[in-house]
Participant: 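Handing you a structure now.
Given the structure is predicted, the values throughout are model-derived calculations rather than measurements.
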Amino acid sequence: LFRGAPILYSQIRKMDDIALDAAKKTAARTAVDQWVTEDTKILGIGSGSTVVYAVQRIAERVWKEGELTDLICVPSSYQAHHLILDYNLNLGDLDRNPNIDVAIDGADEVDRHMVLIKGGGGCLLQEKVVASCAKNFIVVADYTKNSIRLGEQWCRGVPIEVAPMAYVPIKLHIEALFGGEASLRMAKVKAGPIVTDNGNFLLDWKFIANREYDWDEVNKAITMIPGVLETGLFVNMAQKCYFGMADGNVKVQN
Ligand code: ABF
């Protein structure tokens, strides 16, 4: 009786993954086609699995459709840097291209006020810098990221990039200010802390899920703690969010 169960579970998982991938792809392609035009000169490229579909669509337009040939792509992570190179797109940087027309990035969770949690992949600092340089910051995600309030979805909490020598006082400071628990993100394979693209550590702050936080205030307060480089809370930054839905449609949120 029980021998069949693991097979069934893995089959269901596979179907879930296929549905999620399809949702990510639809969201990313729709956002690219609506926001990246011949007037877009500089494009910010985020990180994560949904952004891969956005870059694939851009490459398709450049290499198959002969469009966007002068488009310069500014990466927000090591992953994005290599994605741009892999698809043979023009690689830029903020030194030469500090004014970004559109930035496209993923998210871990988006609430009804367009407050985002980002940084599940560990790239939040550069992602926030690139997004802050963009006239239009567009988020692409699958339907599981769409929440009424933050904390509804499973996630590790709010990622916070910190100076390695300061992670313990920062952890204690955040817990004293806002409750919950902040823990150092550890690598799964090597038994040590994850080190970001910028050589820092990450704290994942599991806030109290059913408490009403003023995320703008929380973000500002955490950013003020000495040793904090950046938080994964993106408040008043995203202009539109494209969610790929389970039924194949795209939901656009402002
Ligand atoms: C980056 O990738 C992160 O800020 C966010 O944590 C993650 C989203 O990944 P995915 O698109 O794979 O869900 O954008």
Side-chain angles (χ1 to χ4, degrees), residues 20-110 114 116 118-121 123-146 197 234 236-245 248-254:
L20 278 186
D21 269 350
K24 289 172 197 216
K25 189 171 180 175
T26 319
R29 292 175 73 89
T30 307
V32 166
D33 286 348
Q34 290 190 2
W35 285 91
V36 186
T37 68
E38 286 297 337
D39 294 334
T40 312
K41 300 296 170 215
I42 316 290
L43 179 68
I45 302 290
S47 327
S49 57
T50 316
V51 162
V52 174
Y53 291 117
V55 172
Q56 283 173 353
R57 177 62 189 139
I58 292 159
E60 200 175 291
R61 286 175 60 187
V62 172
W63 298 113
K64 287 200 184 140
E65 296 165 25
E67 287 184 76
L68 311 173
T69 45
D70 297 330
L71 182 72
I72 293 175
C73 297
V74 176
S76 66
S77 64
Y78 200 62
Q79 180 212 353
H81 180 102
H82 280 280
L83 206 51
I84 294 164
L85 293 180
D86 286 349
Y87 284 90
N88 209 6
L89 301 171
N90 302 319
L91 179 67
D93 56 47
L94 289 180
D95 295 351
R96 279 168 294 187
N97 318 106
N99 298 311
I100 295 177
D101 296 306
V102 180
I104 297 184
D105 203 349
D108 299 312
E109 195 168 7
V110 182
M114 298 282 279
L116 320 178
K118 285 179 52 55
C123 312
L124 59 121
L125 192 157
Q126 292 188 37
E127 287 174 350
K128 203 182 262 190
V129 173
V130 168
S132 76
C133 294
K135 268 192 234 111
N136 302 291
F137 174 43
I138 308 301
V139 175
V140 288
D142 64 71
Y143 53 91
T144 64
K145 313 293 184 70
N146 187 195
D197 287 354
F234 285 46
N236 297 325
M237 294 188 79
Q239 187 163 336
K240 279 200 196 299
C241 184
Y242 288 70
F243 294 107
M245 305 306 286
N249 289 320
V250 174
K251 173 178 160 187
V252 184
Q253 185 174 316
N254 293 309

Participant: Determine whether S76 and V129 make a side-chain contact, defined as any pair of heavy atoms from C-beta on separated by less than 4.5 Å.
Facilitator: no
Participant: To the nearest 0.5 Å, tell me how far M237 CE sits from F137 CZ.
Facilitator: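 Nearest 0.5 Å value for the CE-CZ distance: 6.5 Å.
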Participant: Looking only at atom types and distance, does a side-chain atom of W63 sit under 3.5 Å from a main-chain N or O of I58, one as donor and one as acceptor?
Facilitator: no
Participant: With rounding to the nearest 0.5 angstrom, report the CG to NE2 distance, L91 to H82.
Facilitator: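 Spacing of CG (L91) from NE2 (H82) equals 9.5 Å.
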Participant: Would you find a donor on one side and an acceptor on the other, under 3.5 Å apart, between the side chain of K145 and the backbone of A107?
Facilitator: yes
Participant: Do the side chain of N146 and the main chain of E109 share a donor and acceptor less than 3.5 angstrom apart?
Facilitator: no
Participant: Okay, side chain of D142, backbone of A23: is any donor-acceptor separation there less than 3.5 Å?
Facilitator: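 Checking the backbone N and O of A23 against the side chain of D142, no donor-acceptor pair under 3.5 Å is found.
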Participant: Please report the shortest heavy-atom distance between V55 and L89, naming the atom on each side.
Facilitator: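 Between these two residues, the closest heavy atoms are CG1-CD1, 3.9 Å.
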Participant: Hey, could you give me the NZ/CG distance between K41 and D70, rounded to the nearest 0.5 Å?
Facilitator: 6.5 Å
Participant: Would you check if F243 and T30 make a side-chain contact, meaning some heavy-atom pair closer than 4.5 Å?
Facilitator: no
Participant: Identify the heavy atoms of V110 and C241 that sit nearest to each other, and give their distance.
Facilitator: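 Answer, listing the atom of V110 first, then C241: CG2-SG, 4.0 Å.
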Participant: Checking side chain to side chain contact (heavy atoms under 4.5 Å, CB included) between V102 and each of L43, V32, T37, which is the one that passes?
Facilitator: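 Going through the options one by one, the only one that passes is L43.
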Participant: Looking at CG of L85 and CG of N90, how far apart are the two atoms once the value is rounded to the nearest 0.5 Å?
Facilitator: 10.5 Å
Participant: Where the side chain of N249 meets the backbone of M245, is there a donor-acceptor pair that is under 3.5 Å apart?
Facilitator: no
Participant: Shortest non-hydrogen contact from L94 to C133?
Facilitator: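 Reported closest heavy-atom pair: CD2-SG, 4.1 Å.
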Participant: Does the side chain of N136 reach to within under 4.5 Å of the side chain of W35, using non-hydrogen atoms?
Facilitator: yes
Participant: Which heavy-atom pair separates A80 from I45 by the least distance, and what is that distance?
Facilitator: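 The answer is CB-O, 3.6 Å.
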Participant: Does a side-chain heavy-atom distance below 4.5 Å link R57 with D33?
Facilitator: yes
Participant: Are D105 and V140 close enough that some pair of their side-chain heavy atoms sits under 4.5 Å apart?
Facilitator: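 They are not in side-chain contact.
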Participant: Do you know which two heavy atoms are closest between T26 and A22, and how far apart they sit?
Facilitator: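 Nearest heavy atoms, T26 then A22: OG1-O, 2.7 Å.
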Participant: A side-chain contact here means heavy atoms from C-beta on lying under 4.5 Å apart; do Q34 and K240 qualify?
Facilitator: no
Participant: Are the charged groups of E38 and R61 less than 4.0 angstrom apart, N to O?
Facilitator: no
Participant: Measure the CG-NZ distance between L20 and K25 for me, rounded to the nearest 0.5 Å.
Facilitator: 14.5 Å
Participant: Does D101 use its side chain to pair, donor to acceptor, with the backbone of I42 at less than 3.5 Å?
Facilitator: yes
Participant: Say you draw a straight line from NZ of K128 to CZ of F234; how long is it, rounded to the nearest 0.5 Å?
Facilitator: 5.5 Å
Participant: Would a distance-only check, ignoring hydrogens and angles, find a side-chain to backbone donor-acceptor pair under 3.5 Å from N97 to G92?
Facilitator: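 Pair absent, no side-chain N/O of N97 close to backbone of G92.
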Participant: After noting the C-alpha distance and the side-chain angles of Y242 and Q253, does the key distance pass the side-chain hydrogen bond (donor to acceptor under 3.5 Å, both in side chains) rule?
Facilitator: CA-CA 7 Å; Y242 288 70; Q253 185 174 316; over 6 Å; no
Participant: Hey, mind stepping through L71 and V36 against side-chain contact (heavy atoms from CB on, under 4.5 Å) and telling me if it holds?
Facilitator: CA-CA 9 Å; L71 182 72; V36 186; 4.2 Å; yes
Participant: Does the side chain of V130 reach to within under 4.5 Å of the side chain of I100, using non-hydrogen atoms?
Facilitator: yes
Participant: Might you point out which heavy atoms bring I104 and V51 nearest each other, and give the distance in Å?
Facilitator: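 So the minimum-distance heavy-atom pair works out to O-CG2, 4.0 Å.
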Participant: Identify which one of Q126, H81, K118, E127 satisfies the side chain to side chain donor-acceptor pair (under 3.5 Å) criterion when paired with S47.
Facilitator: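 By the side chain to side chain donor-acceptor pair (under 3.5 Å) criterion, S47 pairs with just one of Q126, H81, K118, E127: E127.
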